[in-house]
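Proteins get letters first, then strands, A, B, ... in listed order; numbering begins at 1 in each.
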Amino acid sequence: MISDATRARINELFERYPDRRSAMIPLLLLLQEERGWLSPETMREAGEVLDLPPVRIYEVATFYTMLRTRPCGKYLLQVCRNLSCSLVGGEGVLRHIEKRLGIHDGQTTPDGCFTLMTVECLGSCGTGPVVQVNGDYHENLDVAKLDKLLDSLT
Amino acid sequence: MEERVLTRNIGRPGSETLKAYRDSGGYTALSRALKEMSPEDVAERVTRSGLRGRGGAGFPTGKKWSFIPKGTGKQIYLCVNADESEPGTFKDRLLIEKDPHMVVEGTALAAYAIGCRRAYIYIRGEFVHGARVLEGALREARAAGFLGRDVLGSGVDIEIHVHRGAGAYICGEETALIESLEGKRGHPRLKPPFPAVVGLYGCPTVVNNVETLACVPHIIERGPEWFASLGPPNNGGTKLFSVSGHVSRPGVYEVRMGTPLRALLDEQCGGVAGGRRLKAVIPGGSSVPVLTADDIDVALDFESVAAKGSMLGSGGVIVMDERTCMVKAGAVVARFYAHESCGQCTPCREGTPWMERVLWRIERGEGQSGDLELLLSMCVNIFGRCLCPLGDAAAMPVRSYIQRFRDEFEYHIRERRCLAAGGFS
Ligand SMILES: Cc1cc2nc3c(=O)[nH]c(=O)nc-3n(C[C@H](O)[C@H](O)[C@H](O)COP(=O)(O)O)c2cc1C
Ligand code: SF4
Ligand code: FES
């Protein structure tokens with residue numbers, strides 16, 4: 001069920017565009033923020049709100065890497081593996097996370113705390129290696145900083 | 001060399017606020033333009049300034065605006081490209097987070113010049129903080145009367161909205177951006193028709209990069225001649241360079257167009273990190289051909305970089321020192337394009353992952369004789385045969401790595417190991 005508060009935010013979104021379909025991505029981001037991921041049920045509801053068949057929602061949800069059609073851990077760790085980060089230690093950062101959490105790209109820890117994802121350039125190449133944790137960027141990482149960061153997340 | 005125009009407020013506390021922006025003379029260009037200039041005057045000044053698009057292609061901005069057909073009775077749209085997803089590029093993020101009002105004022109001026117009443121800033125979804133800062137700036141600007149209905153009593157309406165993307169490099173391409181903004185997958189459209197004629201919602205549309213529009217208030221304020229004089233002919237202004245990789249002081253640097261790459265690297269960025277020797281530099285984001293250490297006396301303007309067989313692109317400068325394995329660099333870059341291909345065209349959809357596989361195979365020491373010819377023929381089969389430039393953007397760098405570092409690729413295949421070591425950690 002979409003709450004009244006969410007509905008109000010959705011209506012605000014609709015006002016921005018001459019065509020309500022344009023609210024697709026902002027709407028899906030909003031629902032994902034509230035529910036953690038886009039379940040088939042959520043996509044059906046989004047379709048109702050946008051007055052579109054569910055397949056239109058599904059094809060968008062599967063196209064964009066930030067939209068998740070599977071459940072995700074409490075903390076999503078997105079590790080940049082593009083060139084600039086790789087040149088300054090990005091691979092070591094990824095290896096360390098894999099070792100410490102015992103998971104690989106796309107996996108979630110059994111306790112549901114962390115999901116690990118490798119991503120392409122986050123637009124923060126001058127302060128690499130970079131890991132995005134949920135919405136926040138953590139930059140200039142090394143193993144010590146990474147351990148401190150992971151310790152702070154539970 | 002260093003010339004702080006776009007970055008003049010950056011580093012000051014509270015630089016993202018309306019107050020700070022106004023204290024430095026912000027929004028005077030918009031007020032003046034609305035009072036004293038016709039839309040055509042604004043566009044004409046931008047044309048004379050020699051401003052060229054900072055999103056990658058370097059298309060003259062005033063000329064792009066002039067393609068908007070007059071008198072069609074349709075709405076006209078402006079999309080600000082804040083997708084910033086070209087690997088190695090992080091300059092627009094700086095402007096957005098630290099001086100969002102400059103972006104807003106530039107957008108409002110461009111909207112006025114082309115007759116647009118509603119503009120969208122398409123910002124990549126990962127920039128959660130940047131989107132918040134922009135929303136805040138828009139609220140402040142609306143409250144102060146710089147946006148909305150009847151801006152500053154001029155009778156002109158200008159509204160600007162932030163629109164967040166959700167992770168797809170291809171949405172930086174202008175027609176994919178438009179599709180995405182319409183709520184669809186980011187599949188590039190066949191051109192023509194160009195967005196200037198059939199763009200957002202089928203209406204005439206201009207797509208401009210953040211940095212391009214950030215130049216506009218300065219052009220209006222200080223004059224097109226001043227702006228043009230900052231760089232070589234047809235390369236007006238300063239340019240932001242995002243410098244990353246093996247360099248002592250990575251970061252965003254603003255220099256005059258035409259500054260030598262060597263001066264940027266040595267004088268501004270403190271040279272190669274650890275005093276090592278330079279091996280290669282990508283001057284304009286990962287889509288452009290790589291330069292060798294011998295090429296770095298090149299002047300950083302569109303024509304000079306092209307004359308060296310590369311492109312100024314987005315100004316994303318990626319520095320690689322002597323230890324860097326160019327096979328691996330090529331494989332990492334190819335992986336990116338394989339990942340980001342939207343899948344509409346066969347050469348790009350099939351070719352980019354194949355290129356990636358062959359490069360990793362060579363990198364692992366499992367390369368076969370004939371692999372380089374195979375890779376080069378793939379580049380030929382992708383280049384120029386796709387719907388959008390992503391295919392070219394994948395082929396060009398790979399070809400350049402092989403052409404310029406062929407010995408290294410051959411050594412890898414022959415000896416089944418790497419000549420270099422330690423560049424990646
Ligand atoms: C695959 C691809 C990705 C692109 N990504 C971006 C981008 O992230 N930001 C950007 O401003 N332009 C990007 N562009 C260029 C845009 O298509 C367009 O040319 C640009 O936004 C025009 O603005 P300008 O004339 O102000 O440079 C990209 C182009 C391609 C082909
Ligand atoms: S070249 Fe690649 S990214 Fe561009 S439209 Fe074709 S398949 Fe999509
Ligand atoms: S390469 Fe990692 S943020 Fe750009």
Side-chain angles (χ1 to χ4, degrees), chain A residues 13 15-30 32-33 50 52 56-57 59-68 78 80-93 95 117-130 132 134-137 140 142, chain B residues 75 84-90 92-93 118 120 124-130 159 161-169 171 180-187 200-201 242-247 250-252 273 282 286 316 318-321 324 328-329 332-333 335-336 339-340 342 423-425:
Chain A
L13 283 176
E15 280 169 24
R16 298 183 174 188
Y17 311 98
D19 177 348
R20 53 168 57 186
R21 183 166 179 182
S22 278
M24 173 84 75
I25 292 176
L27 169 70
L28 294 180
L29 286 170
L30 184 68
Q32 177 169 280
E33 210 175 284
L50 292 169
L52 289 170
R56 291 282 96 82
I57 314 298
E59 73 189 15
V60 167
T62 50
F63 184 80
Y64 295 92
T65 52
M66 282 177 64
L67 299 176
R68 298 185 295 268
Q78 303 190 83
C80 175
R81 61 170 182 177
N82 212 298
L83 187 56
S84 304
C85 282
S86 304
L87 290 171
V88 297
E91 297 191 347
V93 162
R95 274 195 307 271
M117 239 176 101
T118 57
V119 292
E120 299 297 346
C121 182
L122 288 167
S124 187
C125 329
T127 44
V130 185
Q132 188 171 14
N134 298 345
D136 299 327
Y137 279 43
N140 291 311
D142 54 30
Chain B
Q75 291 288 333
E84 187 145 90
S85 40
E86 174 70 15
T89 316
F90 44 99
D92 296 337
R93 177 178 166 214
R118 202 191 287 218
Y120 295 99
R124 63 178 297 177
E126 292 86 348
F127 288 175
V128 180
H129 177 62
E159 193 44 90
H161 295 292
V162 174
H163 182 92
R164 289 180 64 207
Y169 167 66
C171 291
S180 178
L181 187 44
E182 290 181 355
K184 304 173 195 154
R185 291 180 153 220
H187 281 175
L200 186 62
Y201 311 123
S242 317
V243 187
S244 66
H246 297 141
V247 64
V252 177
I282 298 171
S286 77
I318 307 175
V319 178
M320 292 175 264
D321 72 22
T324 311
K328 183 155 184 185
V332 170
V333 168
R335 174 174 66 197
F336 170 72
H339 184 261
E340 301 297 334
C342 85
F424 292 87
S425 45

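For the residue pair B/Gly245 and A/Val88, the shortest heavy atom distance occurs at O-CG1, 3.6 Å. The two residues A/Leu29 and B/Ala166 have their closest heavy-atom pair at CD2-CB, 4.4 Å. Considering all non-hydrogen atoms of both residues, A/Leu122 and B/Phe127 come closest at O-CE2, 3.4 Å. When all heavy atoms of A/Ile25 and B/Arg164 are compared, the closest pair comes out as CG2-O, 3.3 Å. Nearest heavy atoms, B/Ala168 versus A/Tyr64: CB-CD2, 3.8 Å.
With a threshold of 4.5 angstrom between heavy atoms, B/Val252 does not approach chain A through any atom at all. With a 4.5 Å cut-off on non-hydrogen atoms, A/Glu59 touches chain B through its backbone and its side chain both. Neither the backbone nor the side chain of A/Pro129 comes within contact range of chain B; no heavy atom of the residue lies under 4.5 Å from a heavy atom of that chain. Contacts between B/Tyr201 and chain A at a heavy-atom distance below 4.5 Å involve the side chain alone, from C-beta outward. With a 4.5 Å cut-off on non-hydrogen atoms, B/Ser242 does not touch chain A at all. Looking at B/Val333, only its side chain comes within 4.5 Å of chain A, counting heavy atoms on both sides. For a residue to count as touching a neighbouring chain, one of its non-hydrogen atoms must lie under 4.5 Å from one of that chain's; by this rule B/Arg93 touches chain A with the side chain only. Looking at B/Gln75, there are no atoms closer than 4.5 Å to chain A (heavy atoms on both sides), in backbone or side chain. If you measure heavy-atom distances from B/Leu181 to chain A, the contacts under 4.5 Å come from both the backbone and the side chain.
Taking the side chain as every heavy atom from C-beta outward, B/Phe90 and A/Cys121 never approach each other to under 4.5 Å. Using a 4.5 Å heavy-atom cutoff, the side chains of A/Glu120 and B/Pro87 are not in contact. Annotation: side chain of A/Arg21 is not in contact with side chain of B/Glu182 (no heavy-atom distance under 4.5 Å). Contact of the A/Leu83 side chain with the B/Ile282 side chain is registered, since non-hydrogen atoms from C-beta on lie closer than 4.5 Å. For the pair B/His129 and A/Asp136, the minimum side-chain heavy-atom distance is 4.5 Å or more. For the pair B/Ser180/A/Phe63, no side-chain contact is recorded, criterion being any heavy-atom separation below 4.5 Å from C-beta on. B/Lys328 places none of its side-chain heavy atoms less than 4.5 Å from the side chain of A/Ser86.
At least one donor-acceptor pair under 3.5 Å links the side chain of A/Gln132 to the backbone N or O of B/Glu126. Between the side chain of B/Arg335 and the main chain of A/Arg81, a donor-acceptor pair closer than 3.5 Å is present. A/Ser84 places no side-chain N or O within 3.5 Å of a backbone atom of B/Ser244 that could act as its donor or acceptor partner. Distance alone, capped at 3.5 Å, places no donor-acceptor pair between the A/Arg16 side chain and the B/His163 backbone. A/Ser22 contributes no side-chain N or O that, together with a main-chain N or O of B/Gly183, makes up a donor-acceptor pair within less than 3.5 Å.
Your options are A/Thr65, A/Leu28, A/Ile57, A/Leu13, and the one with the most heavy-atom pairs under 4.5 Å with chain B is A/Thr65. Of the listed residues (B/Arg118, B/His339, B/His187), the one with the most heavy-atom contacts under 4.5 Å to chain A is B/Arg118.
Rounding to the nearest 0.5 Å places CD1 of B/Ile318 at 7.0 Å from CG of A/Asn82.
Between B/Tyr120 and A/Tyr17, the ring-plane angle classifies as parallel under the 30° and 60° cut-offs.
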